[in-house]
Protein chains: 4
Amino acid sequence: MTGKDEVAGGARAQPRRQLRGQQRIELILHAAAAVFARDGYDSATTNAIAAEAGISPGSLYQFFKNKGDIAHALADHYAAQLTALRGEVFTIDSVFDASLPDLVDAVLGPLVAFNLAHPGFKAIFARTDMPVGLREAVAPIQVSIHQSVAQLLGLVLSDRQPDEVARVATVAIQLVRGMVPLITDATGTERDALTAELRSVLLGYLRQQLT
Amino acid sequence: MTGKDEVAGGARAQPRRQLRGQQRIELILHAAAAVFARDGYDSATTNAIAAEAGISPGSLYQFFKNKGDIAHALADHYAAQLTALRGEVFTIDSVFDASLPDLVDAVLGPLVAFNLAHPGFKAIFARTDMPVGLREAVAPIQVSIHQSVAQLLGLVLSDRQPDEVARVATVAIQLVRGMVPLITDATGTERDALTAELRSVLLGYLRQQLT
Amino acid sequence: MTGKDEVAGGARAQPRRQLRGQQRIELILHAAAAVFARDGYDSATTNAIAAEAGISPGSLYQFFKNKGDIAHALADHYAAQLTALRGEVFTIDSVFDASLPDLVDAVLGPLVAFNLAHPGFKAIFARTDMPVGLREAVAPIQVSIHQSVAQLLGLVLSDRQPDEVARVATVAIQLVRGMVPLITDATGTERDALTAELRSVLLGYLRQQLT
Amino acid sequence: MTGKDEVAGGARAQPRRQLRGQQRIELILHAAAAVFARDGYDSATTNAIAAEAGISPGSLYQFFKNKGDIAHALADHYAAQLTALRGEVFTIDSVFDASLPDLVDAVLGPLVAFNLAHPGFKAIFARTDMPVGLREAVAPIQVSIHQSVAQLLGLVLSDRQPDEVARVATVAIQLVRGMVPLITDATGTERDALTAELRSVLLGYLRQQLT
DNA sequence: CATGAATGAGGGTTCATTCAT
DNA sequence: GATGAATGAACCCTCATTCAT
């Protein structure tokens, strides 16, 4: 037992340190997200992230072993928040007998909102060609997201083979990944219109899966 | 008698030279496409492209003034081929009264084939966050593609406003951009299945635009 | 107790850091001067400067943004020292009613000594054709030197038009610029003899301006 | 006997070739002079010289083994013309009993005219810090020029030791070298004024040598 | 001999990462 | 732990020089 994620354990040992460290990590991740969003992952420099975080480059490497590791941690960070999102969707009363439009709306609304609130997210997730360091970092999270979506889709595609459901999940995710940058880059009514289109796309696609 | 440029013995400048130059350019573009596809645009180095082409770094710069210029030329190269593709689609007899499925098939088949044949294409086109040098290189082609698609969609969405057609075109392109990497990365039946899904996505989406 | 910055214990930011930085800058400038003197400005490489300074190439760029910037800083460095020299000359009691020979001696002695002590000086200043980066770097200092000399000459050529004084200053500077490399390249009695010749040149020239 | 500079030998063997070769060499030297004058020796590229000459880079190396060799040949070229100049000065009737001003004028006028007519001259001669390749190229000519000047000065400084005359020659040359760029860069009356100043400098200097 | 494409060593510069303080 | 100066490999690009045609 390494004592890493004890659930009920109060503050023991060096609470101050761990706390500061955790704060520091979040500070860095926040900065990294901002820089990734601003410059793109490849063009983002670790020095720029440190500067954005108001810390020294050396401190960055106290918590992360390299640039890819920052992306990895950031991916984990987002994964946790998405898991929370998933929890909310799944706790919707009607999820098990919801209509398809309701289901899509239930997922899409929070998802778009999430992307707008976290511009760093798409900077590391919504890419079609990932550099080596980044792919490894986000791969586990991709899987996790895929599982969530597949699970959700399993509810409405209950008569399909698991591999078929998996594929539909893959496709649905990819559609969203493709559209989200368009949506977040747009503003005002155009953004709303594009969001509506994405909804339409997903509905159109999934409806055909039901027949 | 090489039987190559013996047509009429006119006073054409340096056919041999220009020919070699053109061949060289295509050699480089081919190499660049391979390296972009393998490493991604950002990670691709000009030295790696030169090595892939079996030439020296300096030779690259006889034809291209920098890395972005190579991307630009490659984009033009693809644009020309896509224009040819478009020509074929538009010359289909039934294009003006084709059914939606036929139209989608007419476009999608060649498009997927094109992407499979040219793995470098998606490396420079199917990105959501482009570095500055790349964006400038591909922007004109993006516009050209969008126009072609919008023109095609205008045929089936003849009662819609131009800006709506434009948006549908944008969305359709983005859907394809998102799905293509998935398709080209897959193999065998999975690839076929994903291609079918993309077809389904587009059909589902466009059908809803018709109502 | 290092006995260096223990003056009053004020809240000065990072004296150690800044000190090291300042030392480093001077180390680099010293190395640059040596390399410029040895290889000439154009042939001098930033890597050679770094090697001469015993540091890594990257460290240069922590302090200077490019090669021209090093030349610029070196020019400023020399300018400051020349300003000090000028101060000494001007504080000579008899400057306002000095004889021409005394005045020339008062300037020339320190100037030659300065050039001997700083071989990098002539490498960036005593050139007739400057590359672009270098010209920009030294231009301000050229102007400053010219002003100083013109001011001094104005004392002995009080009845001449300003533009004439300016021209005499230009010529005098150019004569020194031309002769200094000769002097510094020579050794022993030959150097002394050449210095005496320069003195003779200036005296002969300026005397004619007085008549 | 290598048959290189046969004085009276008419055109034998391959007159056409040698002629063309000689023309080519002069073409290149002319171009090199222009490029050296425009860009400076260091920044001048052999490709730029070839382009200026309207020939291929490869042809350049048929006649010159490297960049320094071009400078060397150009220096020889100028040396020959200066020798002709010297011949004219020496054939002046009164050279042996001319007054100092007349002598200076006799030399300076043609010299300034020569520099104005051949802007490439100062680009390779009027430098205080020469890159390795250039120094070797111009050194022999420097010596030759020095000898001519010393010879001329020997006429007016007949009672001085040879080494003293040599030094005066060195200084006089250096004064001219320093001033010429100033003069050629200036235009109109300012150029005339600076030329007059140079005359004054030389006269002032040499007069003091006579006493 | 002329050509000009090809070469490749090397230059200036950047930046992920380390380490003395 | 924190710092930020230092590192140095590697990048893009240039250009003197060569060589197949």
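Values below: all heavy atoms of this structure, side chains included; hydrogens, waters and symmetry mates excluded. Throughout, a chain's letter reflects where its sequence line sits, starting with A, and its residues are numbered from 1.
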Chemist: Tell me what A/Phe63 touches on the nucleic acid: a base, only sugar-phosphate, or nothing, going by heavy atoms under 4.0 Å.
Modeler: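 Here A/Phe63 touches the backbone only, sparing every base.
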
Chemist: Between C1' on F/dC15 and CD1 on D/Ile49, what's the gap in Å once rounded to a whole number?
Modeler: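 Between C1' of F/dC15 and CD1 of D/Ile49: 12 Å.
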
Chemist: Heavy atoms under 4.0 Å, any strand shown: does C/Ala44 hit a base, just sugar-phosphate, or nothing?
Modeler: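 Sugar-phosphate: the residue C/Ala44, judged by heavy atoms under 4.0 Å, touches backbone atoms but no base.
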
Chemist: Closest nucleotide of DNA chain F for C/Ile55 versus for D/Gly68: which of these residues is on the 5' side?
Modeler: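 Result: C/Ile55.
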
Chemist: Name the closest nucleotide to the D/Thr45 side chain, picking from E/dA16, F/dA16, F/dC12.
Modeler: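 Selected nucleotide: F/dA16.
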
Chemist: Which part of the nucleic acid does B/Ser59 contact within heavy-atom distance under 4.0 Å: base, sugar-phosphate only, or nothing?
Modeler: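 Touches a base.
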
Chemist: Could you check if a side-chain atom of D/Leu74 sits within less than 4.5 angstrom of a side-chain atom of D/Phe121, using non-hydrogen atoms only?
Modeler: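 Not touching, per the 4.5 Å side-chain cut-off.
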
Chemist: Measure from the side-chain heavy atoms of B/Gln62 and tell me the nearest of E/dA5, E/dT17, E/dA2.
Modeler: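 Nearest to the side chain of B/Gln62 among the choices is E/dA5.
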
Chemist: Working to the nearest 0.5 Å, report the span between CD1 of C/Ile124 and CD1 of C/Ile70.
Modeler: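 One gets 11.0 Å once the value is rounded to the nearest 0.5 Å.
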
Chemist: Are D/Ser43 and D/Arg38 packed together at the side-chain level, in the sense that at least one heavy-atom pair is separated by less than 4.5 angstrom?
Modeler: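 They are not in side-chain contact.
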
Chemist: Which part of the nucleic acid, if any, lies within reach of A/Lys65 when heavy atoms closer than 4.0 Å are counted: base, sugar-phosphate only, or nothing?
Modeler: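 Answer is nothing: A/Lys65 stays at 4.0 Å or more from every strand.
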
Chemist: What is the distance from CD1 of A/Ile28 to P of F/dG1, rounded to the nearest Å?
Modeler: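 Interatomic distance, CD1 of A/Ile28 to P of F/dG1: 12 Å.
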
Chemist: So if I take every side-chain heavy atom of B/Ser56 and compare against F/dC13, E/dG8, F/dC11, which nucleotide ends up nearest?
Modeler: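 Nearest nucleotide to the side chain: E/dG8.
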
Chemist: Tell me: CG of A/Leu60 to C1' of F/dG4, nearest whole Å?
Modeler: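 Atom CG in A/Leu60 sits about 13 Å away from atom C1' in F/dG4.
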
Chemist: Regarding B/Lys67 and the six-membered ring of B/Tyr41, is the cationic atom NZ or CZ under 6.0 Å from the ring centre and inside 45° of its axis?
Modeler: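 Relative to the ring axis of B/Tyr41, which defines the angle, B/Lys67 lies inside both limits.
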
Chemist: Could you measure between the two P atoms, the one in F/dT21 and the one in E/dC1, and give it in whole Å?
Modeler: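 Approximately 22 Å lies between the P atom of F/dT21 and that of E/dC1.
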
Chemist: Does a side-chain N-to-carboxylate-O contact under 4.0 Å join D/Asp129 and D/Arg135?
Modeler: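 No salt bridge links D/Asp129 with D/Arg135.
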
Chemist: Tell me whether the guanidinium CZ or amine NZ of C/Lys122 lies under 6.0 angstrom from the six-membered ring centre of C/Phe36 and within 45° of its axis.
Modeler: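 No cation-pi geometry.
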
Chemist: Can you tell me how far C1' of E/dC15 sits from CG of B/Asp42, to the nearest Å?
Modeler: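 Taking CG of B/Asp42 and C1' of E/dC15, I get 15 Å after rounding.
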
Chemist: Rounded to the Å, how far apart are C/Tyr61 OH and F/dC11 C1'?
Modeler: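 Rounded to the whole Å, the gap is 13 Å.
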
Chemist: Closest nucleotide of DNA chain F for B/Pro57 versus for A/Asn47: which of these residues is on the 5' side?
Modeler: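 Counting from the 5' end, the first nearest nucleotide belongs to A/Asn47.
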
Chemist: Find the distance A/Glu52:CD to E/dC15:C1' and express it as a whole number of Å.
Modeler: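 Roughly 18 Å, once rounded to whole Å.
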
Chemist: In whole angstrom, what separates B/Arg24's CZ from F/dA20's C1'?
Modeler: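 Going from CZ in B/Arg24 over to C1' in F/dA20 covers 12 Å.
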
Chemist: What integer distance in Å separates A/Asp39:CG from E/dC15:P?
Modeler: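 To the nearest whole Å, that distance equals 10 Å.
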
Chemist: So if I take every side-chain heavy atom of A/Thr46 and compare against F/dA2, E/dA16, E/dA2, which nucleotide ends up nearest?
Modeler: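 Taking heavy atoms from C-beta onward, the closest nucleotide is E/dA16.
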
Chemist: Once pairs are restricted to Watson-Crick or G-U wobble with both distances under 3.5 Å, how does DNA chain E read as a dot-bracket string, [ ] for crossings and | for other-strand pairs?
Modeler: .||||||||||||||||||||

Chemist: Decide, yes or no, whether a salt bridge links B/Arg127 with A/Asp42 under the criterion of side-chain N to carboxylate O below 4.0 Å.
Modeler: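 Salt bridge flag = yes for A/Asp42 with B/Arg127.
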
Chemist: Quick one: pull up CZ in D/Phe63 and CD in D/Gln22 and give me the separation to the nearest 0.5 Å.
Modeler: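 Taking CZ in D/Phe63 and CD in D/Gln22, the distance rounds to 9.0 Å.
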
Chemist: For DNA chain E, whose closest nucleotide is more 5', that of C/Ser43 or that of A/Ser43?
Modeler: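 Counting from the 5' end, the first nearest nucleotide belongs to C/Ser43.
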
